[in-house]
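Scroll down for the structure; my scribbles are underneath it.
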Amino acid sequence: MKASDADVGENAAVAYSLTEGEGLDMFDVITDQETQEGIITVKKLLDFEKKKVYTLKVEASNPHVEPRFLYLGPFKDSATVRIMVEDVDEPPVFSKLAYILQIREDAQINTTIGSVTAQDPDAARNPVKYSVDRHTDMDRIFNIDSGNGSIFTSKLLDRETLLWHNITVIATEINNPKQSSRVPLYIKVLDVNDNAPEFAEFYETFVCEKAKADQLIQTLRAVDKDDPYSGHQFSFSLAPEAASGSNFTIQDNKDNTAGILTRKNGYNRHEMSTYLLPVVISDNDYPVQSSTGTVTVRVCACDHHGNMQSCHAEALVHPTGLSTGALIAILLCIVTLLGKLLLPASSLPMMRSTHCHCDTLDLSASPIKAYSPI
């Protein structure tokens, strides 16, 4: 727009401003100093669907007025400007900036999780179709109804493998495929008790030969891949087939741990060097899951502080420190020497060809071991 002024020079300068109207917050006006034109600019984004017409009052005035001519004023004029907003084709708009859905991990294939909605904001209200951005769902675990936006599973889920699935849904105008928009969709997989608890580690422990009854020899702990709402509550017990005649008992501490206790006084590693204890671990969720783990208990010789010294069954030794084989060899040599002394002299020539090798007996070849009181 432009206001005319018959003056010249500085007196012909014009300044424009918005004084009234319903679009004062949406528009502004500036003055082109060379052409003396008023240029209306947009301050905020327009929306044809919300408001199609704005009416403004623009005022043009002389910023420089000589005082002697003030009585001839006012030196300004105004005009009403009507601005028409034109419609343009816009992409579909989703009802939410992001969607969060939940589904149980035991859901069957083709289970509906929820839906998304989008519509064309233009007056034409063109129909839209939906699709999943496969770059965000490479394994094609989910699918969407192109017509109504319903999300459903196309594969089985496992919370322990992946808790959250973050995919992107696309809405596209059917009449103009160039117009499309995207929205993030976050799917949380809810836990189902489908895993049995198990030992936190492999347990191999020992018991001293001189252990007393009800002595704690090992503490057991368990883990579970599931994540129940109320937390883990494990229970421990000996397997039924081992509970009656076992040399050990299981004490459930009611805090997700258990202890292995001796059931008698004294163990003999020569009679039984290793015990295998089958322990049943159960959870307290629904449905109840349980597993059986085996604890290996070795019988060992220990010092008076209970520290393990040896867990191998040693060869039987005589209190003198010589093994049975060495004692037999020495005894044979003694018998041979006595025979020499007792035989008549006539037999001496015959005995000359007989030699006793007792003096060269290599006792080191015999398994001689020091006696260690236990």
| query | Cys pair Cys300/Cys208: SG distance under 2.5 Å? | reply | no
| said: Tell me whether Thr205 contacts the main-chain N or O of Ile217 through its side chain, where contact means a donor paired with an acceptor under 3.5 Å. | reply: yes
| Can a donor-acceptor pair be found between the side chains of Asn268 and His270 at a distance below 3.5 Å? | no
| message | Taking the side chain as everything from C-beta on, heavy atoms only, tell me whether Val14 gets closer than 4.5 Å to Thr31. | response | no
| Presence of salt bridge, Asp133 and Arg182, under 4.0 angstrom | yes
| request: Run the salt-bridge test on Glu173 and Lys178 with the 4.0 Å N-O cut-off and return the result as yes or no. | output: no
| Under 30°, 30 to 60°, or over 60°: which ring-plane class applies to Phe234 and His232, parallel, tilted or perpendicular? | parallel
| said: Out of the candidates Asp194, Asp226, Asn195, Asp191, only one should pair with Arg159 under the side-chain hydrogen bond (donor to acceptor under 3.5 Å, both in side chains) rule; please name it. | reply: Asp191
| Regarding Lys51 and the six-membered ring of Tyr54, is the cationic atom NZ or CZ under 6.0 Å from the ring centre and inside 45° of its axis? | yes
| task | Verify, without hydrogens or angle tests, whether Thr153 (side chain) and Thr111 (backbone) share a donor-acceptor contact under 3.5 angstrom. | result | yes
| said: Is it true that, when you exclude Lys264 itself, more than 12 heavy atoms of the residues, nucleotides or ligands shown sit nearer than 6.0 Å to its NZ? | reply: yes
| Parallel, tilted or perpendicular: which fits the ring planes of Phe142 and His165, with parallel below 30° and perpendicular above 60°? | perpendicular
| query | Ignoring hydrogens and geometry, is there a side-chain-to-backbone donor-acceptor pair from Asp145 to Asn148 under 3.5 Å? | reply | yes
| request: May I ask you to decide if Glu59's main-chain N or O and Thr19's side chain share a donor-acceptor pair within less than 3.5 Å? | output: no
| Atom NZ of Lys43 with >12 non-hydrogen neighbours under 6.0 angstrom | yes
| said: I'd like to know if the side chain of Thr262 and the backbone of Asp214 have a donor-acceptor N/O pair within less than 3.5 Å. | reply: yes
| said: Hydrogens and angles aside, do Asn193 and Asp283 bring a side-chain donor and acceptor to less than 3.5 Å of each other? | reply: yes
| said: If you count every heavy atom of other residues, nucleotides or ligands that lies below 6.0 Å from Glu241 atom CD, does the total exceed 12? | reply: yes
| Ring centres under 6.0 angstrom apart (Phe206, Tyr275) | no
| task | Without swapping roles, check the side chain of Asp252 against the backbone of Phe236 for a donor-acceptor pair under 3.5 Å. | result | yes
| field | Neighbour count >12 (heavy atoms, 6.0 Å) for atom CG, Leu97 | value | no
| field | Test item: Asp139 side-chain N/O and Ile141 main-chain N/O as donor-acceptor pair under 3.5 Å | value | no
| query | Is the NZ or CZ atom of Lys96 positioned over Phe94's six-membered ring, under 6.0 angstrom from the centre and within 45° of the axis? | reply | no
| Quick one: does Tyr203's side chain have a donor or acceptor within less than 3.5 Å of a partner on Arg221's backbone? | yes
| said: Just by distance, no angles: are the side chains of Thr112 and Ser150 close enough, under 3.5 Å, to form a donor-acceptor pair? | reply: no
